[in-house]
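Data block below; observations after.
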Amino acid sequence: MPGKLVAVRCAAGERVSRGQVLVVLEAMKMEHAILAPSDGTVEAVRYKQGDQVAEGSDLLVFRPAS
């Protein structure tokens, strides 16, 4: 959904755990936390805090642990 990225809580190259909050998106006057779906590594963060993002945008690149 389109919205504003209000928080980025990870960095490229960071190892993260399942359920960890990666980014927070404000849309429709609500904040939506985007969580890591599994243990893995954030390979790239494509937006920064305060950016407006369009519907369907890839906010980051995530690689699951093998």
Side-chain angles (χ1 to χ4, degrees):
M1 71 183 78
K4 180 179 179 181
L5 204 59
V6 294
V8 177
R9 297 190 178 159
C10 62
E14 182 177 346
R15 290 184 183 183
V16 296
S17 301
R18 181 176 187 252
Q20 183 174 335
V21 176
L22 303 177
V23 296
V24 179
L25 182 69
E26 182 181 273
M28 299 173 58
K29 299 185 181 183
M30 294 178 62
E31 289 190 354
H32 306 273
I34 309 302
L35 310 177
S38 64
D39 293 350
T41 304
V42 175
E43 292 190 337
V45 179
R46 299 202 168 152
Y47 295 92
K48 63 183 185 319
Q49 184 174 331
D51 284 350
Q52 291 287 333
V53 296
E55 183 173 351
S57 297
D58 290 330
L59 303 178
L60 50 85
V61 178
F62 178 81
R63 181 173 43 105
S66 47

Side-chain donor-acceptor distances from residues 41-60 under 3.5 Å, at least two apart:
unit_1 : atom_1 : unit_2 : atom_2 : d
E43    : OE2    : R63    : NE     : 2.5
K48    : NZ     : D51    : OD1    : 3.1
Q49    : NE2    : V6     : O      : 3.4
D51    : OD2    : K48    : N      : 2.9
S57    : OG     : A54    : N      : 3.4
S57    : OG     : A54    : O      : 2.8

Apply side chain to side chain contact (heavy atoms under 4.5 Å, CB included) to A65 and list each qualifying residue two or more places apart in sequence or on a separate chain.
D39
Which pairs with one or both residues in residues 3-14 pass salt bridge (charged side-chain N to carboxylate O under 4.0 Å, His left out), sequence neighbours excluded?
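For residues 3-14: none.
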Which pairs pass salt bridge (charged side-chain N to carboxylate O under 4.0 Å, His left out) with one or both residues in residues 24-36, sequence neighbours excluded?
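For residues 24-36, and leaving out neighbouring residues, there are no salt bridge (charged side-chain N to carboxylate O under 4.0 Å, His left out) pairs at all.
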Show me, pair by pair, the donor-acceptor contacts under 3.5 angstrom made by side chains of residues 15-24, not counting sequence neighbours?
unit_1 : atom_1 : unit_2 : atom_2 : d
Q20    : OE1    : S17    : N      : 3.1

Taking all heavy atoms of S38 and all of F62, pick out the closest pair and write down the distance.
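Closest approach of S38 to F62: O-CZ, 3.1 Å.
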